[in-house]
Amino acid sequence: MRRFVIFLLTAALLLTCGCAGPAGDGEDWEDDLIVVGVSQVGAESDWRVANSESIKAVFTEENGYRLLFEDAKQQQENQISAIRKFIQQKVDYIILMPISETGWDSVLQEARDAGIPVILVDRMIETEDDSLYTAHIGSDFREEAEMAVSWMEETYGTEPVNIIHLQGTLGSTAQIGRTAGLEDAVARHSNWTILTQLDGDFTQAKAYEVMCQYLAQERGVDIQVVYCENDNEAYGAIEALEEYGYTCGPEGVSVISFDATRTCLTLCLEQKIALAVECNPLLGELAEETIQTLEAGDTPEKHTYVEESCFTWQELTQEQIEARPY
Ligand code: GYE
């Protein structure tokens with residue numbers, strides 16, 4: 001009997017305070033961990049995977065955090081639902097890697113009304129109300145494009161340059177900045193021509209598919225540069241180009257890539273990628289510093305841009321590749 005009463009009491013306790021497992025919707029978290037809800041774009045690229053790992057590595061229980069991580073599978077609706085769920089769950093902070101720039105105002109207003117600071121990581125949003133996010137940490141994509149443009153200017157001078165432009169997810173900050181840098185440069189250089197702009201959606205499979213379609217239509221077209229807005233698109237493009245008889249390298253097509261993850265750098269050392277523009281995915285620590293600043297009652301920087309450089313096969317070394325953490 002005594003045992004039965006204890007069992008009933010324990011069951012009642014578990015039911016009322018919910019301490020049997022993770023807190024459910026709208027419940028108060030019962031420990032002093034800082035609860036961080038992260039809405040990640042997806043796992044479309046090697047960059048993205050490294051970015052998620054960098055977030056997961058810092059927001060650990062040992063470091064004092066409970067991480068709620070939601071992968072949106074490249075759908076903005078999923079990101080919006082994840083944010084709403086985080087608000088219901090009363091998280092302390094929301095980290096959002098926004099898939100595209102527009103469409104965030106109402107859900108971010110909901111977060112603000114709930115008093116939850118939102119930190120944007122990687123891409124930016126377009127809004128008239130800057131108070132909808134507390135801070136932004138990411139890359140200067142326009143600056144990355146300028147590095148590619150300078151390399152093209154140095155490499156080709158006044159020679160004609162026919163360019164295939166493989167774009168990333170349309171409407172994302174990374175696509176907008178990398179595209180604008182190229183388009184502006186093409187407008188300034190009468191010897192540069194964009195043959196076509198193809199949507200590769202930042203994935204290898206899509207880039208391969210759209211490249212094959214184009215190369216099948218325009219058999220034997222003269223190409224100097226394939227400007228790929230990320231590494232995975234570059235892998236798909238190289239595969240397609242080689243299948244259609246092109247050589248990628250100093251004697252053939254120059255493939256330009258953004259991200260410069262380890263596989264890309266290996267291809268660069270093999271001379272298949274002419275230029276790898278770095279985009280640093282390791283943003284977890286900076287996001288954590290921002291949260292610590294807020295916890296201390298201070299105001300973090302509104303925008304933090306990470307430093308980046310670029311690599312060519314002439315200067316790249318095996319040691320640099322091995323030292324690359326992603
Ligand atoms: O370049 C690409 C990814 O927004 C910087 O998104 C990021 C980009 C990155 O899928 O690989």
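Atom set for the values below is all heavy atoms of this structure, side chains included, hydrogens, waters and symmetry mates excluded. Ligands are counted one by one from 1 in listed order, and the atoms in each one are counted from 1 as well.
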Handout entry: Salt-bridge contact E153-R188 (side-chain N to carboxylate O under 4.0 Å)
Key = yes

Problem - Numbering as shown, the atoms of ligand 1 that approach D122 to under 4.0 Å (heavy-atom distance) - result: 4 (O), 5 (C), 7 (C)

Exercise for the section: Would you check if there is a donor-acceptor pair between the side chains of T293 and D298 at a distance under 3.5 Å? Expected result: no

Completion exercise
closest protein heavy atom to atom 2 (C) of ligand 1 is N230 ND2, 3.5 Å

Problem - Numbering as shown, the atoms of ligand 1 that approach S45 to under 4.0 Å (heavy-atom distance) - result: 2 (C), 3 (C), 10 (O), 11 (O)

Practice task
Using salt bridge (charged side-chain N to carboxylate O under 4.0 Å, His left out) as the criterion, point out the one residue from E229, E144, E146, E143 that pairs with R178.
Solution key: E144

Exercise for the section: For ligand 1, note which part of R178 has a heavy atom under 4.0 Å away: side chain, backbone, both or neither. Expected result: side chain

Exercise for the section: Output yes when a side-chain donor or acceptor of T173 lies under 3.5 Å from a complementary backbone atom of M124, and no otherwise. Expected result: yes

Handout entry: Option with minimal heavy-atom separation from atom 10 (O) of ligand 1, where the choices are E44, R48, E233
Key = E44

Fill in the blank from the handout: ligand 1 to A174, heavy atom cutoff 4.0 Å, flagged ligand atoms 4 (O)

Handout entry: Protein heavy atom at shortest distance from atom 9 (C) of ligand 1
Key = D259 OD1, 3.4 Å

Handout entry: Any C279 heavy atom less than 4.0 Å from ligand 1
Key = yes

Handout entry: Between Q175 and D199, a side-chain donor and acceptor under 3.5 Å
Key = no

Handout entry: Residue of the set Y227, F141, W47 for which ring-ring contact (aromatic ring centres under 6.0 Å, His included) holds with F258
Key = Y227

Problem - Any donor-acceptor N or O pair under 3.5 Å, side chains H165, E183 - result: no

Handout entry: Contact partition for F141 relative to ligand 1, non-hydrogen atoms under 4.0 Å
Key = side chain

Fill in the blank from the handout: With heavy atoms and a 4.0 Å threshold, my read on which part of R123 contacts ligand 1 is side chain

